[in-house]
Amino acid sequence: MDQITRKSLLYKSNLGFWCINHVQGCSHGCRYPCYAWMMAHSRGRVETYSDWCRPALVSNSEELLSNELRRMRVRPETIHLCLTTDPFMYSYPEVTALTLRLTEMINSFGIRCSTLTKGIMPVELADPERFPGNNIHGISLVSLDEEFRKKWEPGAAPYHDRIGALRELHEYGCRTLVHIEPYPTPNIITQSLRKLLESVDFADEIWLGGWNYNDLAKKYPGYKEFYEEQSAILNRFLAARKTP
Ligand code: SF4
């Protein structure tokens with residue numbers, strides 16, 4: 001696997017939370033398109049889409065993060081992994097191993113981690129002695145249709161495996177989250193949000209967001225009403241879970 005070095009790792013994102021990205025690029029190669037790929041391309045960090053899909057590990061991540069955490073006067077409650085790459089990149093054990101070491105380091109400073117992946121969450125995260133940070137683990141999931149995944153998230157983990165790994169963490173008592181974004185309109189794929197929700201019923205949190213990366217969703221007549229309807233379905237589903 002390629003390696004690069006960086007001058008810093010930990011930063012506060014424009015979204016207002018702290019995060020780290022210890023890999024450049026992402027083999028999942030999402031075609032919505034991926035916002036991180038567009039930014040990396042426009043800033044000249046990566047030339048082509050195939051370069052983007054060949055990830056490079058930030059080899060000095062541990063050294064950088066350790067120094068940055070030590071220097072912080074006010075430590076944040078949570079650090080997010082990751083905004084511009086995937087922390088559990090499918091079929092890249094080197095990425096998963098580094099993510100686990102960095103998570104362990106962050107937890108050792110009394111800081112919780114939140115993670116979001118389209119890969120496979122490793123079961124090691126359920127070990128409270130190694131990861132005492134009450135971390136929250138999330139998957140990104142917008143469909144259950146493998147043909148959709150192959151077209152739009154070609155390098156990401158199959159949905160069944162992605163859900164199964166998160167479910168296992170839930171069964172071990174970890175806090176879990178599902179991020180349904182960018183949810184496609186019916187001109188992209190016809191599917192049932194209800195079925196998707198039922199497949200992740202165990203998750204502590206479920207979030208829904210629209211397909212905002214290109215104009216495809218807006219081409220669907222009544223797309224605003226469609227998203228209002230999907231939000232109502234989610235709200236009813238979450239309300240029903242609370243009712244004993
Ligand atoms: S998983 Fe995330 S970072 Fe990776 S290509 Fe897809 S959207 Fe981009």
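Atoms within each ligand, like the ligands themselves, are counted from 1 in listed order. Below, all heavy atoms of this structure are taken into account, side chains as well, without hydrogens, waters or symmetry copies.
- Residues satisfying the ring-ring contact (aromatic ring centres under 6.0 Å, His included) test with Phe237, not counting sequence neighbours, are none.
- If you run ring pair (Phe, Tyr, Trp, His ring centres under 6.0 Å) between Trp211 and each of Tyr32, Tyr223, Phe226, Tyr227, only Tyr32 comes through.
- Excluding waters, the set of protein N, O or S atoms lying under 2.8 Å from atom 6 (Fe) of ligand 1 comprises Cys30 SG.
- Taking the side chain as every heavy atom from C-beta outward, His28 and Tyr90 approach each other to under 4.5 Å.
- For the side chain to side chain contact (heavy atoms under 4.5 Å, CB included) with Tyr159, the qualifying choice from Leu196, Leu141, Ile139 is Leu141, the only one to do so.
- The pair Arg194-Glu198 meets the salt-bridge criterion, since a charged nitrogen lies less than 4.0 angstrom from a carboxylate oxygen.
- Looking at heavy atoms from C-beta onward, His137 lies out of side-chain contact with Thr117 at the 4.5 angstrom threshold.
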